[in-house]
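Everything on this sheet refers to the single structure shown next.
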Amino acid sequence: MNFLDIISSLLLFAGTFFAFSGAVGLFRFPDFFTRVHAASLTDSIAAILMIAGLLLQTSFDLNTAKLIFILVFLLITSPTASHALAKSARHGGLLLFTEKPTKQGGTNQDD
Amino acid sequence: MNLILDYYNYWIVVFLMMTGFYIVISANNLVKKVVGLNIFQTSVFMMYISMGKVAGGTAPIVVDDNTLYSNPLPHVLILTAIVVGVATTAVGLSLIIRIKRAYGTVEENEFEHEDDAI
Amino acid sequence: MIEWIDLILLGMLALTALRVIFLKDLFAVVMLFGIYSFLSALVFIVLDAVDVAFTEAAVGAGISTVLMLGTLALTGRTEKENTHSKLLPILVVSVTGAALIYGTLDMPPFGNPDNPIHQHVAPRYIEDSPKEVGLPNMVTSVLASYRGFDTLGETVVVFSAAIGVLALLGIRREEDNNTPESGFKEHRVLQIVAKITIPLVILFALYVQFHGDFGPGGGFQAGVIAAAAFILYGLVFGLAKSMAVISPMFLRYMAASGVLLYAGVGLFSMMQGGNFLDYNLLASDPVAGQHYGILIIELGVGITVFAVMLTIFYAFASQTERSNIQ
Amino acid sequence: MLEQNLAALPIILPLIAAPLAIILGRTMPIWILATLVSGCASIISLQLLDTVLTTGVISYAVGGWQAPWGIELRIDTANAFVLVAVTAISTLVLLFSKDSIVKEIDCSKHALFYTAHLLCLAGLSGILITGDAFNLFVFLEISSLATYTLVSLARDKRCLTAAFRYLVMGTIGATFILIGVGLLYMKTGTLNMLDLATRIDLYDSSRTINTGLAFIIVGVSIKLALFPLHMWLPPAYTHAPSAVTAFLASTATKVAVYVMVRFIFTIFGASYVFHSMGMETILMLFAIIAIFKCSYTAAMQKNVKSTLAYSSVAQIGYMVLGISLVNVTGLMSGLLHIFNHALMKGALFMAVGAVFYRLGSADISAFKGLGKRMPLTMAAFTLAGLSIIGVPLTVGFISKWYLVTAALEQSHWFIAAAVLGGSLLAVVYIGRILEAAYFQEPDEANVAKISEAPLSMLIPMWILVIANIYFGIDTSFTTEAAQHAAELLFQNGQVMEVKP
């Protein structure tokens with residue numbers, strides 16, 4: 001097992017950890033916004049770490065380029081998706097779990 | 001033990017098929033029926049793909065001469081079948097939208113009731 | 001190792017499918033179906049069916065799920081209490097399942113290279129298709145050439161779906177400004193990102209279209225991806241703008257011309273004195289002929305699939321807008 | 001060029017005409033195109049039947065790839081015979097539908113109606129001609145999707161639920177067929193029908209093949225609406241536009257019966273299906289129940305279309321009964337009945353369509369007094385109705401005659417009795433309608449608008465009625481073709497050889 005493999009497996013392992021914690025957060029967090037936060041963890045840091053780990057496994061050929069493309073694409077789209085979700089929820093009148101419903105409406109419920 | 005190793009894949013796929021089939025025939029909501037239909041079909045696709053697998057083989061795209069390839073024919077059949085599936089789904093969902101507009105409901109027992117009343 | 005991944009994925013599939021039975025929230029049911037589809041795409045990859053996995057991910061998890069969500073927006077998201085007796089369905093399913101399990105007992109073992117399907121018919125595809133058809137991707141060779149008639153049928157199925165959806169829903173083009181703008185009107189970030197990604201997605205679709213001979217991909221997947229790019233455009237900028245880019249009428253012509261292109265290749269080969277869809281006669285050299293033939297018919301498939309998917313999206317989306325007005 | 005490719009043309013012509021129709025866009029040119037194409041297809045299929053009868057089986061390798069690697073189109077007497085019926089009925093229905101659909105389908109959808117009709121025709125021809133089990137599934141789905149669309153085109157909202165039920169049942173049926181074909185493929189490694197036939201012999205007693213057979217039979221039974229899997233059919237036929245019902249009732253289920261014959265006799269082989277698996281008892285039982293139960297239900301209906309739809313299920317019972325007798329005469333009567341029933345039901349549904357055109361209703365009460373007001377339509381209805389009952393000098397008599405002969409050959413007295421009993425029930429349900437038409441006075445409200453149906457509807461209707469009588473008197477063409485087809489099917493499955 002050479003040096004690159006060790007680094008790569010470390011990165012993959014770290015990526016798995018973040019993906020897992022994102023999944024746990026998705027279930028355990030109290031409201032919609034915090035859950036979006038947890039979910040976006042899997043798309044961002046976990047994906048970056050995993051793809052970085054995979055990059056080290058390639059021999060710098062077409063696959064490397066493909067992986068980099070995937071990474072760039074993910075980095076553009078996944079924060080946007082989280083942003084759009086959170087913004088729509090806020091516009092739809094969803095409140096943070098710390099806030100109280102006011103007379104104008106708004107709700108703490110999420111499903 | 002050998003029996004299990006040989007067939008575990010097919011058994012689980014049969015279970016999945018039957019789950020989908022159950023959803024189709026038991027669901028009262030039409031959207032759920034369509035979901036069930038899709039699960040049923042997707043599981044049948046898995047049966048086809050399972051039989052095309054060759055242990056130790058790779059995807060049927062030529063790499064070099066001495067590679068063991070999985071069987072491409074089931075893949076081709078299932079590509080066709082997936083497309084057929086989505087076509088059916090699209091028509092089925094359109095029908096559901098029309099039914100909702102005509103009857104105001106997509107629950108089978110409710111519009112059946114209305115059909116009988118006419 | 002592969003077996004274990006396979007087993008874990010199948011287990012997750014089983015859990016997902018079971019959950020669908022008991023959930024009453026249809027939104028969750030549809031999302032679970034999307035997950036189911038994705039998981040089955042992974043199973044397909046494990047079983048070496050990369051083309052199928054690609055298609056399943058694009059169609060099952062992509063288009064089907066979007067269509068189902070669109071339907072839910074119109075029909076409501078909770079299922080009512082089911083009063084039907086569960087006894088008959090359980091009985092039917094048990095009998096069917098038992099029959100299938102009985103059938104598995106004489107099946108050829110999973111993955112064994114000596115199985116009849118690996119011994120008969122398929123060896124020719126694996127051994128001779130790179131020479132006869134000249135493509136590295138055997139799936140494309142079989143799909144487009146040996147079983148090209150199936151694929152023509154498949155394209156026609158897609159076309160029929162468009163006819164069905166048009167007959168059932170039709171596409172309403174709201175020229176006036178009464179149409180409510182898409183819900184994403186205020187989403188500046190989304191609009192900018194969409195502007196960046198849409199060209200990339202279309203580029204990728206073209207890559208998939210023309211690279212299908214060498215790797216996974218082909219007309220069908222490319223059509224779906226290209227349609228996805230326009231669907232994204234429609235979602236973010238509103239249906240009216242999207243229809244201004246590609247009008248529903250133009251899509252009808254596109255859908256028809258894709259099928260005609262495909263069938264035209266067949267007619268042309270008939271005129272050259274061969275059988276229907278015999279690509280060998282398209283050029284002086286049979287292998288080159290195969291190459292042209294596959295290139296053109298894949299293009300036909302791509303055009304039809306793109307047009308049909310977008311037509312279906314238009315039909316569904318214009319229904320949603322219509323019900324919003326009411 | 002045409003000579004060589006004749007076998008593929010009945011599929012290709014409507015397949016190309018459908019997208020062309022979309023490009024044409026205007027209703028009138030599309031109607032002309034569709035009728036022309038369908039007419040050409042029927043001429044071609046007559047030519048094919050002739051060729052098959054004189055020179056034997058036609059095999060056509062699509063794409064130049066030989067079977068079993070490529071897809072083979074294979075025409076023998078059985079499918080050429082059914083193909084003639086399907087394409088001819090399609091042409092007549094197209095002629096009929098020009099005026100008929102004006103009252104029943106929104107104007108904006110007429111172009112889509114013809115396109116869907118063409119697609120359905122292409123699908124049905126594909127099912128008939130193909131020699132490849134998976135290709136059959138693809139064409140089955142083309143025809144099914146087009147059918148769901150056609151059924152849902154009516155203005156009555158109940159057509160929507162009927163179409164949805166049809167879609168769910170149809171897809172379950174198709175998926176069962178897919179599973180069955182998959183199991184066969186798994187065991188044999190091939191999809192070509194003849195190749196399957198030879199290789200299935202090697203694995204005759206295998207549990208996988210048995211299951212495959214069961215799934216295919218159940219799947220096809222759903223498609224052909226064999227009792228008790230027929231529940232989708234009556235609502236679909238009742239609420240669909242009349243022209244669609246006339247087309248589907250006389251073609252779609254018949255093609256499914258053909259598929260059953262093809263799978264049982266060509267692919268599995270009669271001796272395996274019937275002697276080893278004992279399928280004949282099950283099929284016979286369900287067929288007899290279908291004849292009695294559905295004829296009885298037909299007599300209870302208020303709507304004439306619904307009566308005829310249940311009658312169709314009963315008539316399918318006769319066809320399956322013929323198959324389940326396991327002798328050449330029985331199979332021949334089944335095939336003959338496919339053809340003859342297409343003639344009768346086509347004429348009957350066209351007559352109902354004509355009544356619907358004038359009165360906007362197909363209830364029995366609407367038929368009151370029509371004998372005087374629409375004499376030609378009702379005369380056509382009466383003659384076709386007599387044919388359903390099985391009165392001598394009509395085609396209905398011929399197929400029942402052979403069915404009874406076949407039953408007696410096997411000394412199944414009770415089946416002969418059942419066939420006669422079924423005919424008695426047919427007297428009841430047809431008689432009710434005729435009674436209303438000839439012996440009751442019309443409702444006051446309706447008198448003003450009743451007049452004879454337009455010529456465009458009467459002509460195709462009467463062509464079918466005349467065919468009903470012509471083939472009832474001069475039976476040589478139909479019986480010879482059916483006889484030849486049946487004999488060939490019984491030989492099949494034993495003699496086939498596949499080149500390595």
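All of these numbers come straight from a predicted model, not from anything done at the bench.
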remark   = Rounded to the nearest 0.5 Å, the CG atom of C:Leu47 sits from the OH atom of B:Tyr48 at a distance of 15.5 Å
Highest number of heavy-atom pairs under 4.5 Å with chain B: which of [options]?
| options | answer |
| --- | --- |
| C:Ala162, C:Gly164, C:Ala49 | C:Ala49 |
| C:Asp51, C:Val50, C:Ile101 | C:Ile101 |
| C:Ala315, C:Ser40, C:Gly218, C:Ser37 | C:Ser40 |

Counting only heavy atoms closer than 4.5 Å, note whether [X] contacts chain C via side chain, backbone, both or neither.
| X | value |
| --- | --- |
| B:Leu93 | both |
| B:Val35 | both |
| B:Lys100 | side chain |
| B:Ile12 | side chain |
| B:Thr58 | backbone |
| B:Val84 | both |

key: Contacting moiety of C:Ile63, where chain B heavy atoms sit under 4.5 Å   = side chain
message = With a 4.5 angstrom heavy-atom cut-off, is it the side chain or the backbone of C:Pro123 that approaches chain B, or both, or neither?
response = neither
Flag, side chain of [X] to backbone of [Y], donor-acceptor distance under 3.5 Å:
| X | Y | result |
| --- | --- | --- |
| B:Tyr69 | C:Ile126 | no |
| B:Asn71 | C:Ile117 | yes |
| B:Lys32 | C:Val29 | no |

inquiry  = Would you say B:Ser43 and C:Tyr36 are linked by a side-chain donor-acceptor pair, where the criterion is simply a distance under 3.5 Å?
reply    = yes
query = Counting heavy atoms not belonging to B:Tyr8, are there more than 12 under 6.0 Å from its OH?
reply = yes
task = Inspect the surroundings of CZ in C:Arg19 and state if more than 12 heavy atoms from other residues, nucleotides or ligands are less than 6.0 Å away.
result = no
remark   = For residues 109-116 of chain C against chain B, heavy atoms under 4.5 Å, the residues are C:Pro109, C:Phe110, C:Gly111, C:Pro113
query = What heavy-atom pair brings C:Leu67 and B:Ala90 nearest, and what distance separates the two atoms?
reply = CD1-CB, 4.0 Å
note = On a heavy-atom basis, the closest approach of B:Gly57 and C:Asp48 is O-OD2, 3.1 Å
ask   = Charged N to carboxylate O below 4.0 Å: is that the case for B:Glu107 and C:Lys80?
value = no
C:Phe214: ring-ring contact (aromatic ring centres under 6.0 Å, His included) partners, not counting sequence neighbours = C:His211
